[in-house]
Structures are given as structure tokens and as C-alpha cells.
Amino acid sequence: MAEIEKIEIGMIVGPTASGKTAVSIALARRLNAEIISADSIQIYKGLDIGSAKPTVEEQAGIPHHLLDTIEIDAPKFSVAEYQKMAGECIADVHGRGKFPLVVGGTGLYVNALTYPLAFTAVASDPLLRQELTGLETASPGKLYEMLRALDPNSADRLHPNDIKRIIRALEVVKTTGNTIGEHGGDFSNEAKAEIPYNPQIAGLAMPREMLYARIEERVDAMMRLGLREEAEGIFKSGYSLDLPALQGLGYKQLFQYFRGECTIAQAVEAIKRETRRFAKRQITWFKRDPRIQWFDVTQYEGSEQLAENISIAWGKGSPVK
RNA sequence: GCCUCGGUAGCUCAGUUGGUAGAGCAAGGGACUGAAAAUCCCUGUGUCGGUGGUUCAAGUCCACUCUGAGGCA
């Protein structure tokens, strides 16, 4: 039986501020790799300081893909587009004889590459979404009732208050006549569907206290680097502040300051607090993924040593001298 | 030195006529199928400053004591 040859890829995941950037550079050097970002905010142009996007110097000559790729006001960018673009990047990098190294903290994007999720089946439908939102406003609980009738499995899975996901599930079943579960694989991959990659996933972990201290330091550093000015430029540029891109940490809180709703000190505090909560959600997400091999960064001298151990774990032990 | 008001969760504070404590914020846990840095769900974590006393029973009443703030000398 002719099996399609899978592309071998490496992945580095972990919460924000866990040191993914530095390790990925060290690892890319060892493995002759190019880096493909799995970060839902760094992919936007102009969101640089606040997204902790690696600078040109930090990229250190390693080619990075899917940074600065789309406009802040690009219509309907989503995980489906990401899945497609990342797939093309991986094929391209592999085709040029280099190792694709996916690095990022957006769990859904990581899963879009490592589970056979059939996103492409149903596009989002803004008009239908608007209509459904109107229905829910007029009579709260209505949408969950509808979902219960049309797609009981999804209704079981979702909480009645999780309107966003309820709308998406309704969108799929109303547009196609099939439920969301009938469209493809899921995270548990009970369908045993195949993905075109053979991923090895390394997770970066550290004690919670240490991670929070790093977040604190990093937010202060962002402010020194000019996060306020970056956000102010966007604030004044006329973008709708409801854009998905502008829900990113740092921007949202500074917009409140620009509107006079809080002091700059309160905005910075809020950025730190929300970033901690975000990191916690990322940890929850990655923790349940049994395929991730965890590396406690405190067990290693620095990113070079950590990169060496990851490459050994991936069966690529002998380091490039 | 005297007087007054405080000391209860990580923080700010509630706490009825005595019945071994509860709000907000912070925090912790979880979910996640085309917005995912989004969205949603769950959870009180406590030597009630200390020691004695009264009482069947003390965060609550009494005495002493430590400690903070203010006032008068």
C-alpha cells in the first residue's frame, strides 16, 4: 500500500514569555531550519512591540514565515486561512531541503496543523452571524435552543452562554445541512484521519512564579520600547477598534487610556494582569495535549543547551558545529 | 502618659440579639472545530492580632497584652 510520505516537522509551543523565540533561533541553527510562526497576533503587520514579534536582529538571519503577513484590517482572517498558509510554507521549506520549525503560542493554530480539522468545509457568513446575533438579543437563550434542535452533539459540548461557538455551530449546520462534527476530524481524532505531517512537539515550561515575573518584566520592556506610541499610532489611524487584530493584549488596554477611561499606570497594570490570565489559558490548552514533550527551562543553562536537548529528543542529536 | 478608632482571605472591607465566617478585586482550575492574545464555565483559599476569662456555645461579651492610625497633653 502506497503511503503518502509525511513531512517531518518540529514544533515549539508554550505560554507567552516562556522563551520560545530564543530557543527557536538556537534550534533553527542546529537543524538547518526555517521558522513558521503559529501566533495569531504576530501575523499582523504593524503589531510589533505589543505582540513581542521577533525583531530583525532577533531573527538572526533565520528565515521567518507568517510574520507581518496580513493587514490589521484584513477581512475575515481566521484559523482556516492560517492552516492553508502554514501548510504552503511547510511544503515550501521542506521542498527547499530545510527543516520546518513551527513556533508559537496559539493553541488552535497548532492544532490546525496537527489534527485533521476540516476548516475549509464552511466559510463564515457575516450576514447569517448578524441575523443570529439579532435573534439572541431579542430573545436570550434562543440560539442554544436552535442548536439543541439542529445539532444536539454540539449543544452537549457547548455551554449555553458561549454564544460565539453556538453561532459558529449553527452557521455550519444551517449553511451545509451537516453538523460541525460531520465535517471532519476533531482534537481527539477518533476518525483516525491523517495529517500530512509527522510532528514532534516540544513544550517550554517553568514555575508559574517565574513566568509571571518574566511577564512583568516584558511588559515594562515593551513600554520602554515604545508600545504606547505604537498603540497610539493605530488608535489615531482610524481603524475600527473592534477588529480582531486589535483585541490583542496591550493594544486594547492602551486604547482605554487614550479614551481617558484610565490612567497609563492602570493600563499597564491591566496589560500585565491580562497577560498572566492569557498565559494561564495557554497552559491549560497545551497541558491536555499528550503529544507534547515538556522541557522545564530551569533545568538548562540557556537556550543553546535547551535547544541541544530538544534536538536530541527529536532524534537529531549530533549538533551542527 | 491619657483618650478615640482600627487589627477578619493575597488586597480593600462586611459580619445581625453570641450559634466555629462572606463580598468585591486578585488568584486557582477547566473548556475550546473558520473572531482563539478571542469567547465561555467552575472554585473561597481563613490560627477572625495574642493570651486568659464568662458561656452549652465567642469574630461577636470581659480582662490583660501586642500592634497601626488619629486626637489631647
Test log, rule side-chain hydrogen bond (donor to acceptor under 3.5 Å, both in side chains), inputs A/Glu308 and A/Ser311: CA-CA 5 Å; A/Glu308 184 180 355; A/Ser311 63; over 6 Å; no
CA sep, side-chain torsions, deciding dist, call: A/Arg228, A/Tyr257, side-chain contact (heavy atoms from CB on, under 4.5 Å): CA-CA 10 Å; A/Arg228 176 178 159 174; A/Tyr257 162 66; 3.3 Å; yes
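Among the atoms of the strands shown, none is found under 4.0 Å from any heavy atom of A/Gln282. Counting non-hydrogen atoms under 4.0 angstrom, A/Tyr109 reaches the backbone sugars and phosphates but no base.
Taking 4.0 Å as the cut-off between side-chain N and carboxylate O, A/Glu145 and A/Arg148 do not count as a salt-bridged pair. The pair A/Glu58-A/Lys53 does not count as a salt bridge, with every side-chain nitrogen at least 4.0 angstrom from each carboxylate oxygen.
Comparing the P positions of B/rA58 and B/rC3 gives a spacing of 29 Å, expressed to the nearest Å. Taking the P atoms as reference points, B/rG24 lies 25 Å from B/rA31, given to the whole Å. Here, B/rU4 and B/rG44 have their P atoms 41 Å apart, quoted to the whole Å. B/rA27 and B/rU55 are spaced 39 Å apart, taking the C1' atom of each and rounding to whole Å. A gap of 7 Å separates the C1' atoms of B/rA26 and B/rC11, to the nearest Å. On the P atoms, B/rA23 is 16 Å away from B/rA14, given to the nearest whole Å. The gap from the P atom of B/rA73 to that of B/rU12 amounts to 32 Å, rounded to the nearest Å. B/rC56 sits 16 Å from B/rC61 when the C1' atoms are compared, rounded to a whole Å.
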Which protein N or O atoms sit under 3.5 Å from an N or O of nucleotides 38-41 of chain B?
from: B/rA38; atom 1: OP1; to: A/Lys252; atom 2: NZ; distance (Å): 3.4
from: B/rA38; atom 1: OP2; to: A/Arg281; atom 2: NH1; distance (Å): 2.3
from: B/rA38; atom 1: OP2; to: A/Arg281; atom 2: NH2; distance (Å): 3.1
from: B/rA38; atom 1: O2'; to: A/Lys164; atom 2: NZ; distance (Å): 2.1
from: B/rA38; atom 1: N1; to: A/Arg165; atom 2: NH2; distance (Å): 2.8
from: B/rU39; atom 1: O4'; to: A/Lys164; atom 2: NZ; distance (Å): 3.4
from: B/rU39; atom 1: O2'; to: A/Asp162; atom 2: OD1; distance (Å): 3.0
from: B/rU39; atom 1: O2; to: A/Arg165; atom 2: NH1; distance (Å): 2.8
from: B/rC41; atom 1: OP1; to: A/Asn161; atom 2: ND2; distance (Å): 2.8

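No side-chain donor from either of A/Ser154 and A/Arg165 sits under 3.5 Å from a side-chain acceptor of the other.
A distance-only check finds no donor-acceptor pair linking the side chain of A/Ser139 to the backbone of A/Glu136 [under 3.5 Å]. A donor-acceptor pair under 3.5 Å is absent between the side-chain atoms of A/Thr275 and the main chain of A/Arg273, judged by distance alone.
Applying a 4.0 Å cut-off to non-hydrogen atoms, the residues of residues 43-56 of chain A that approach RNA chain B are A/Gly50, A/Ser51, listed by residue number.
Note on A/Tyr82: every side-chain N or O is 4.0 Å or more away from OP1 and OP2 of B/rA35. Contact annotation: A/Lys287 reaches the phosphate of B/rG30 (side-chain N/O to OP1 or OP2, under 4.0 Å). For B/rG30, the OP1/OP2 oxygens have a side-chain nitrogen or oxygen of A/Thr284 closer than 4.0 Å. For A/Arg168 and B/rA35, the shortest distance from a side-chain N or O to OP1 or OP2 is not below 4.0 Å. Regarding contacts with the backbone of B/rU33, every side-chain N or O of A/Tyr115 stays at 4.0 angstrom or more from both OP1 and OP2.
Where A/Thr16 and A/Arg157 each meet RNA chain B at their nearest nucleotide, the meeting point lying more 5' is that of A/Arg157.
Across all strands shown, B/rC40 pairs with B/rG30; the Watson-Crick or G-U wobble distances both stay below 3.5 Å. Pair assignment for B/rC61 gives B/rG53, based on Watson-Crick or G-U wobble hydrogen-bonding distances that are each under 3.5 Å. Partner assigned to B/rA69 is B/rU4, using Watson-Crick or G-U wobble distances below 3.5 angstrom. Look at B/rC25: its Watson-Crick or wobble partner, with both distances under 3.5 angstrom, is B/rG10.
Taking atom NZ of A/Lys280 as the reference point, atom P of B/rA26 lies 12 Å away to the nearest angstrom. Here the P atom of nucleotide B/rA35 and the CD1 atom of A/Ile166 are 15 Å apart, to the nearest Å. As rounded to whole Å, 8 Å separates atom P of B/rG28 from atom CZ of A/Arg276. Distance A/Leu132 CG to B/rA35 P: 13 Å, rounded to the nearest Å. We find that CG of A/Asp289 is positioned 16 Å from C1' of B/rG30, with the value rounded to whole Å. Protein atom CG of A/Leu241 is 16 Å distant from nucleotide atom C1' of B/rA35, rounded to whole Å. The separation between A/Arg277 atom CZ and B/rA31 atom P is 19 Å, rounded to whole Å. One interatomic measurement links the two molecules: CD of A/Gln266 to P of B/rA26, which rounds to 13 Å at whole-angstrom precision.
Taking the six-membered ring where the residue is Trp, A/Trp294 and A/Phe286 present perpendicular rings, their angle passing 60° and hence far from 30°.
Using a 4.5 Å heavy-atom cutoff, the side chains of A/Val93 and A/His65 are in contact.
One hydrophobic cluster holds both A/Ile7 and A/Ile35 under the rule that ILVMFWY side chains link at heavy-atom gaps under 4.5 Å. Following chains of ILVMFWY side-chain contacts shorter than 4.5 Å, one cannot reach A/Leu249 starting from A/Phe255, and the two form parts of different hydrophobic clusters.
Under the salt bridge (Lys or Arg N to Asp or Glu O under 4.0 Å) criterion, A/Glu131 pairs with no residue, sequence neighbours left out.
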